[in-house]
Enquirer: 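Here's a structure for you.
In each ligand, atom 1 is the first atom listed, and ligand 1 is the first ligand listed.
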Amino acid sequence: MDGAGLPETRSTCPYCGVGCGVLLRADGQGGLTVRGDPDHPANKGRLCSKGLALGETTSTEGRLRHPSINGQEATWDTALQTVADRFSQAIRDHGPDSVAFYVSGQMLTEDYYVANKLMKGFIGSANIDTNSRLCMASTVAGHRRAFGTDTVPGTYEDLEQADLVVLVGSNLAWCHPVLYQRLAAAKKQRPDLKVVVIDPRRTATCDLADLHLQLRAGSDVALFNGLLTALSEGGAVDYAYLSHVDGFDTALVAASVDRMNETGLDRRDIQTFFNLFLRTNRTVTVFSQGVNQSSAGADKVNAILNCHLATGRIGRPGMGPFSVTGQPNAMGGREVGGLANMLACHLEIENPDHRQAVRTFWDAPVMADHAGLKAVDLFRAVGQGQIKALWIIHTNPAVTMPDADAVRDAIKGCDFTVVSDITGATDTARLAHVLLPAAAWGEKDGTVTNSDRTISRQRAVLSPPGHARPDWDILSEVGRRMGWHKAFDYETPAEIFREYAALSHIAGQFDRDFDISALSDLSDHGYETLPPTRWPVTATRQGGRFFADGQFYTPNGKAQMLALQYRPPAAKTGPRYPFRLNTGRIRDQWHTMTRTALSPRLSAHLAEPFLEIHPDDAARTGLGPASLVRVTSPVGTAILRTLITDRVRKGEVFAPMHWTSDTAPSAQIDAVVPDVVDPVSGQPESKAAVVALSPYNAGWYGFAVSAAPMSPTSEYWAMSRTPAGWRAELAADTVPETWEGYGRLLFGLTDARLQILQDTGRGMARLAFYQRDTLLAALFVARDPVAVMRDYLVTLPGAEAPLVLTGQSPANMPDPGPIVCSCFGVGMNTLLAAIETQSLTTVDQIGAALQAGTNCGSCRPELTALLTRAKVAEAAE
Ligand SMILES: Nc1nc2c(c(=O)[nH]1)N[C@H]1C(S)=C(S)[C@@H](COP(=O)(O)OP(=O)(O)OC[C@H]3O[C@@H](n4cnc5c(=O)[nH]c(N)nc54)[C@H](O)[C@@H]3O)O[C@H]1N2
Ligand SMILES: Nc1nc2c(c(=O)[nH]1)N[C@H]1C(S)=C(S)[C@@H](COP(=O)(O)OP(=O)(O)OC[C@H]3O[C@@H](n4cnc5c(=O)[nH]c(N)nc54)[C@H](O)[C@@H]3O)O[C@H]1N2
Ligand code: SF4
Ligand SMILES: [Mo]
């Protein structure tokens, strides 16, 4: 309870793998207030911008309320029977491997458990793979090769206790913001804590870095092989610990082939990094998608693990390799056997004893006896007609799989596709034969595991809209209707969790590390009140770290170092495709934006898709500031806004992954990324496509604001939400017959009063639509990218705004500029003005003056960058 007197419910944030605890209070009318849970070990009360905006994203607007079959509303009874019948029929006619599930690291452990049990134990196929294949598969493979198990050895506290934190391919400031804040706080307290960032881009995370190694994309193995050699030559090898490790000598021989020129880094910077690593015992190496999403992803992981094994810096306070997970339950999915090549509880599908034990435990009729198709192969098989029935749950592969257009075509061509989602407005949901409404976060109960093995409860505080049901419940009922009544007779998630915990006891008997058997007799009340709990949880052990004792889970109990050779990314740049395309995330959006884009605050940070390009490359490609650029790869094309910046290396460009047909149809970046995968892990190389760039010179450019959603049709458009409605960027080749006609169609305003200003000779038009004096919508058109005060104009729809057509704010109402602090809505112009007029020199002073950066803190790296910019400008004067 807090001051307001209403009870608060503890739950867990549904976004990133930090797994922050939240305190939720429903207002009884569908609204929700959210604050950080001071007692949760992951965040101790902190939240980032996305977590804080959760209350703005739980409205039932746009939610699926009932099942549908071929677009027609259907009852649950008909829909579920159709799913069960069509899957059963495909299995009868074509065998168990003719069906597949594609699921998600955002599902609850209980959802995952039921899906996995149904596919692997009852249907008898392992054709269940998850979007974690695009996310964590290389780490899973690397961990298993080195440790014999997929286990993160350490805990979050290690980042705070370390003397050196190396961040490899991780934009922690934007993607794991609360963990970043914990690290920033530790560094502030103990400035001797050094941070090294290894990333081809200068990201917001570099704000904290003592050293940024801006290496060439894909060259991490060359760098870490060099490091292993330096550790050996510099006397940092822990020979006592090596008695627990095989493969040191061969790994060292392979590593001694010097390929460090491939990194493109200055040798002195490399040496600085090596020296730091050499002399710092308490070292944590955090890694993420810059490592995993690579055709050498598993090798990159093992190159990092090699260095930690050789120095014995593993599983001890402040020491260890640390893969941070992306999705809220990426870790839980790995534990519960969500990947096509695993069984539940770290048991292995290739191991007949493991299979038999699971089969007996489940009393399963048939057990999958070989690994199933991994995501990319799975959708290829769908495309080739080998999969007759496909069920996609909690993920949007038509947007996020590589070669996304081919994936979309494959799904479209599948005989029978089921999609479970919370909204029907996704590129994948639109392709479903049967569309099932899922209960969303905040409406259902279950567990998730975060990056440091802490299992936390998500709890329901809202009612699902219409007939929506939790995923575990939908899956269980299909299992029952397929004839396995007893095995899927679950009534609560607690029952599922207890069964899962009991299964982990068997895993313990096979000497697997994932053992939570002490939770197998948890009462319903115990489940309801389960506090955050780090596994293992057995009669004799709870939580802690792994591997300091030298006990591994390989057949001979020793860790394995690997002999690794640097391999460049699969696609080669050349005259035809001279640029390397890196892709990733932005601070305030989550993947395909089905939830975060509902929040105007989150949408204000970066409202449009963009391509970061170095100034020299922009000049030689003929790209001006804010112009549009066409990005073409061997598989597809996209149009993006040019963002000229020296944050990227020459020859490398970066685009975010978030936009879809609903938000910016020509900016879907996975249409450009080919489906090349790592041969070991099957994880796609999402960050190293090769592309050609050319200016997209449109016939006209437009900027529009509106109180209601718009219906753009132009070649290029990008639309996002604002506090007053919507905004859109537009561009197209052909000038419409009349701007009035175009505007009325765009805004759906047939009779509204129009104010128009036109100069046909200069290709300029400005239109404002009113109801009486209230502005409904406005459109600004020019022959070049439109220069108007966007951040002022977006505030006007719904207001009395007689003077819109100037496109400028009146002198007494300065344009705040693009939003930097989304908590308090503070724009860049406001910040720069205050920095100058009030001579602010620190982020804390900015906070005192404008509040910016004082709530969630996610924008603090950007505030530092603005201070630096202001200082540079002053020095230049
Ligand atoms: N705001 C936000 N946060 C998120 C998410 C989100 O959608 N939005 N998604 C969550 C999920 S599922 C995930 S998996 C995580 C991902 O978290 P991160 O991995 O931190 O995020 P990315 O932006 O995908 O990529 C990280 C960095 O890898 C760099 N990189 C690219 N190629 C290379 C390379 O060859 N070597 C090295 N060393 N670096 C390289 C990129 O420049 C980029 O800055 O974020 C989670 N958190
Ligand atoms: N180019 C490029 N591509 C990438 C990446 C990259 O860095 N670059 N990153 C990859 C990575 S790491 C990841 S994790 C993936 C993520 O990619 P996806 O998982 O495909 O993206 P999301 O937008 O998170 O999709 C989640 C879907 O689940 C729905 N949903 C929300 N809540 C529920 C619920 O409770 N139940 C059900 N059934 N549905 C729900 C949402 O509406 C949404 O449609 O993208 C991958 N693709
Ligand atoms: S860091 Fe932000 S997105 Fe990640 S779990 Fe915490 S509040 Fe949620
Ligand atoms: Mo991910």
Enquirer: Among protein heavy atoms, which sits nearest to atom 31 (C) of ligand 2, and what does the distance come to when rounded to 0.1 Å?
Expert: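 Scanning the protein heavy atoms, the shortest distance from atom 31 (C) of ligand 2 goes to His394 CE1, 3.4 Å.
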Enquirer: Looking only at N/O atoms, are Cys175 and ligand 1 under 3.5 Å apart anywhere?
Expert: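 For ligand 1, there is an N or O atom that lies under 3.5 Å from one belonging to Cys175.
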Enquirer: Hey, is Met136 touching ligand 1 through its side chain, its backbone, both or neither, going by heavy atoms under 4.0 Å?
Expert: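 The answer is neither; Met136 stays 4.0 Å or more away.
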Enquirer: Does Thr205 approach ligand 1 within less than 4.0 angstrom via side chain, backbone, both or neither, non-hydrogen atoms only?
Expert: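 For Thr205, no heavy atom sits under 4.0 Å from ligand 1.
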Enquirer: Could you check atom 9 (N) of ligand 1 against the protein and tell me its nearest heavy-atom contact, residue, atom and distance included?
Expert: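 Atom 9 (N) of ligand 1 sits closest to the protein heavy atom Arg585 NE, 2.8 Å.
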Enquirer: With a 4.5 Å heavy-atom cut-off, do Phe273 and Val166 have their side chains touching?
Expert: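 In contact.
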Enquirer: Under 6.0 Å between the ring centres of His605 and Trp174?
Expert: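 Close enough - the centres of the two rings lie under 6.0 Å apart.
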Enquirer: So for ligand 1, is His176 a polar contact partner (N or O within less than 3.5 Å, distance only)?
Expert: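 No, since none of the N or O atoms of His176 sits under 3.5 Å from an N or O of ligand 1.
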Enquirer: Using the side chain to side chain contact (heavy atoms under 4.5 Å, CB included) rule, pick out the option among Asn131, Asp111, Asp471 that qualifies with Gln106.
Expert: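 With Gln106 as partner, side chain to side chain contact (heavy atoms under 4.5 Å, CB included) holds for just one option, Asn131.
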Enquirer: What residue and atom, counting heavy atoms only, is the protein's closest point to atom 24 (O) of ligand 2, and at what distance?
Expert: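 Minimum-distance protein heavy atom for atom 24 (O) of ligand 2 reads Gln106 NE2, 2.7 Å.
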Enquirer: Just distances here: any N/O of Trp174 and N/O of ligand 1 closer than 3.5 Å?
Expert: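 Min N/O separation from ligand 1 is below 3.5 Å for Trp174.
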Enquirer: Identify which protein N/O/S atoms are less than 2.8 Å from atom 6 (Fe) of ligand 3.
Expert: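 Near atom 6 (Fe) of ligand 3, below 2.8 Å, one finds Cys20 SG.
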Enquirer: Between Met657 and ligand 1, which residue portion shows a heavy-atom distance shorter than 4.0 Å: side chain, backbone, both, or neither?
Expert: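 Answer for Met657: neither.
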Enquirer: Which residue and atom name correspond to the protein heavy atom nearest atom 38 (N) of ligand 1, and how close is it?
Expert: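 Of every protein heavy atom, Asp220 OD2, 2.7 Å lies nearest to atom 38 (N) of ligand 1.
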Enquirer: Which option out of Leu134, Thr428, Thr660, Asp670 puts a heavy atom nearest to atom 4 (C) of ligand 2?
Expert: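 Shortest heavy-atom distance from atom 4 (C) of ligand 2: Asp670.
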Enquirer: Any idea which protein heavy atom is nearest atom 41 (C) of ligand 2, and the distance to it?
Expert: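 The closest heavy atom on the protein side is Thr594 OG1, 3.1 Å.
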Enquirer: Could you check atom 34 (C) of ligand 1 against the protein and tell me its nearest heavy-atom contact, residue, atom and distance included?
Expert: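 Result: Gly290 O, 3.4 Å.
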Enquirer: Starting from atom 20 (O) of ligand 1, find the nearest protein heavy-atom neighbour and note its residue, name and distance.
Expert: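 It is Asn171 N, 2.8 Å.
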Enquirer: Please confirm whether Gln293 comes within less than 3.5 Å of ligand 1 when only nitrogen or oxygen atoms on both sides are compared.
Expert: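 N/O-N/O distance under 3.5 Å: no.
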Enquirer: Would you mind running through ligand 1 and noting each atom that sits below 4.0 Å from a heavy atom of Lys300?
Expert: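 Those qualifying, in numeric order: 34 (C), 35 (O), 36 (N).
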Enquirer: Please verify whether a non-hydrogen atom of Ala439 lies at under 4.0 Å from ligand 2.
Expert: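 True for this residue.
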Enquirer: How far is atom 19 (O) of ligand 2 from the closest protein heavy atom, and which atom is that?
Expert: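 Protein heavy atom at minimum distance: Asn131 ND2, 2.8 Å.
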Enquirer: Given Pro200, Ser132, Cys48, identify the one with the heavy atom nearest to atom 32 (N) of ligand 1.
Expert: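 The nearest heavy atom belongs to Pro200.
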Enquirer: Within a distance under 4.0 Å of any heavy atom of Arg587, pick out the atoms of ligand 1 and give their elements.
Expert: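 Listed by number with element, the hits are 1 (N).
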Enquirer: Evaluate Gly218 for polar contact with ligand 1, using N/O atom pairs at a separation under 3.5 Å.
Expert: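 By distance alone, the answer is yes.
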Enquirer: Quick one: are Arg182 and Leu159 in side-chain contact, heavy atoms under 4.5 Å?
Expert: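 When only atoms from C-beta onward are counted, Leu159 and Arg182 do not touch, as no gap falls below 4.5 Å.
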Enquirer: Answer with side chain, backbone, both or neither: which part of Tyr15 has a heavy atom less than 4.0 angstrom from an atom of ligand 1?
Expert: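 None of Tyr15 does.
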Enquirer: Closest non-hydrogen protein atom to atom 29 (C) of ligand 1, residue and atom name please, with distance?
Expert: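 Checking every protein heavy atom, the shortest distance to atom 29 (C) of ligand 1 gives Asp199 OD2, 3.2 Å.
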Enquirer: Using a 6.0 Å cut-off, check whether atom NZ of Lys44 has over 12 heavy atoms from anything other than its own residue.
Expert: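 More than 12 heavy atoms, drawn from other residues, nucleotides or ligands, come within 6.0 Å of this atom.
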Enquirer: For atom 47 (N) of ligand 2, find the nearest protein heavy atom and state the residue, atom name and distance (0.1 Å precision).
Expert: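 Of the protein heavy atoms, Thr400 O, 2.9 Å lies nearest.
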Enquirer: Could you tell me, atom by atom, which parts of ligand 2 come under 4.0 Å of a heavy atom of Ile422?
Expert: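 Close to Ile422: 30 (N), 31 (C), 32 (N), 33 (C), 34 (C), 39 (N), 40 (C), 42 (O).
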Enquirer: Got Ile198 and Asp220 here, is their nearest side-chain heavy-atom distance under 4.5 Å?
Expert: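 Yes, at least one pair of side-chain atoms sits under 4.5 Å.
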Enquirer: Of the choices Asn396, Ile392, Asp421, Thr592, which has the non-hydrogen atom that lies closest to atom 44 (O) of ligand 2?
Expert: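 Nearest option to atom 44 (O) of ligand 2, by heavy atoms: Asp421.
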Enquirer: Tell me the protein heavy atom at minimum distance from atom 35 (O) of ligand 2, and give that distance in Å.
Expert: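 Looking at atom 35 (O) of ligand 2, the protein heavy atom closest to it is Lys444 NZ, 2.7 Å.
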Enquirer: At what distance is the nearest protein heavy atom to atom 36 (N) of ligand 2, and which residue and atom is it?
Expert: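 In this structure, atom 36 (N) of ligand 2 has Asp471 OD2, 2.9 Å as its nearest protein heavy atom.
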Enquirer: What atoms of ligand 1 come closer than 4.0 angstrom to any heavy atom of Ile586?
Expert: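 Taking each heavy atom of Ile586 in turn, ligand 1 has 1 (N), 2 (C), 8 (N) under 4.0 Å.
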Enquirer: With heavy-atom distances below 4.0 Å as the criterion, list the atoms of ligand 1 near Gln327.
Expert: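 Taking each heavy atom of Gln327 in turn, ligand 1 has 12 (S) under 4.0 Å.
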Enquirer: Note the single closest protein heavy atom to atom 14 (S) of ligand 1, along with its residue, its atom name and the distance in Å.
Expert: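 Protein heavy atom at minimum distance: Gln289 NE2, 2.8 Å.
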Enquirer: As an exercise, identify every atom of ligand 2 less than 4.0 angstrom from a heavy atom of Ser686.
Expert: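 Here the atoms of ligand 2 in question are 1 (N), 2 (C), 8 (N).
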Enquirer: Establish, for the pair Arg201 and Phe654, whether the NZ or CZ atom is under 6.0 angstrom from the six-membered ring centre and no further than 45 degrees off its axis.
Expert: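 Here Arg201 passes the 6.0 Å and 45° test against Phe654.
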Enquirer: Under 4.0 Å, heavy-atom basis, I'd like to know which part of Cys135 is in contact with ligand 2: side chain, backbone, both or neither.
Expert: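 The answer is both, backbone and side chain.
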Enquirer: Pick whichever of Ala330, Gly326, Cys206, Gly584 has a heavy atom sitting closest to atom 13 (C) of ligand 1.
Expert: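 It is Gly326 that holds the nearest heavy atom.
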Enquirer: Within the 4.5 Å heavy-atom criterion, are Phe287 and Val301 side-chain neighbours or not?
Expert: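 A side-chain contact under 4.5 Å exists here.
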Enquirer: Any idea which protein heavy atom is nearest atom 25 (O) of ligand 1, and the distance to it?
Expert: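 Protein heavy atom at minimum distance: Lys687 CE, 3.2 Å.
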Enquirer: For Ser104, state whether at least one heavy atom is located under 4.0 Å from any atom of ligand 2.
Expert: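 False for this residue.
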Enquirer: Would you check if Val648 and Val653 make a side-chain contact, meaning some heavy-atom pair closer than 4.5 Å?
Expert: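 A side-chain contact under 4.5 Å is absent here.
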Enquirer: Just checking, Arg469 and Trp76: is the charged tip under 6.0 Å from the six-membered ring centre and within 45° of the axis?
Expert: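 Satisfied, under 6.0 Å and within 45°.
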Enquirer: Mind checking whether Gln289 and Gln683 have side chains closer than 4.5 Å, heavy atoms only?
Expert: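 With C-beta onward as the side chain, the pair touches.
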Enquirer: Among all protein non-hydrogen atoms, which one is nearest to atom 22 (P) of ligand 2, and what is the separation to 0.1 Å?
Expert: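 Checking every protein heavy atom, the shortest distance to atom 22 (P) of ligand 2 gives His591 CB, 3.5 Å.
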Enquirer: To the nearest 0.1 Å, how far is atom 8 (N) of ligand 1 from its closest protein heavy atom, and which atom is that?
Expert: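 Of every protein heavy atom, Gln589 O, 2.7 Å lies nearest to atom 8 (N) of ligand 1.
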Enquirer: Is any side-chain heavy atom of Tyr15 closer than 4.5 Å to one of Arg595?
Expert: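 Sidechains of Tyr15 and Arg595: in contact.
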Enquirer: Looking only at distance, does Arg216 have an N or O less than 3.5 Å from an N or O of ligand 1?
Expert: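 No, Arg216 has no N/O under 3.5 Å of an N/O on ligand 1.
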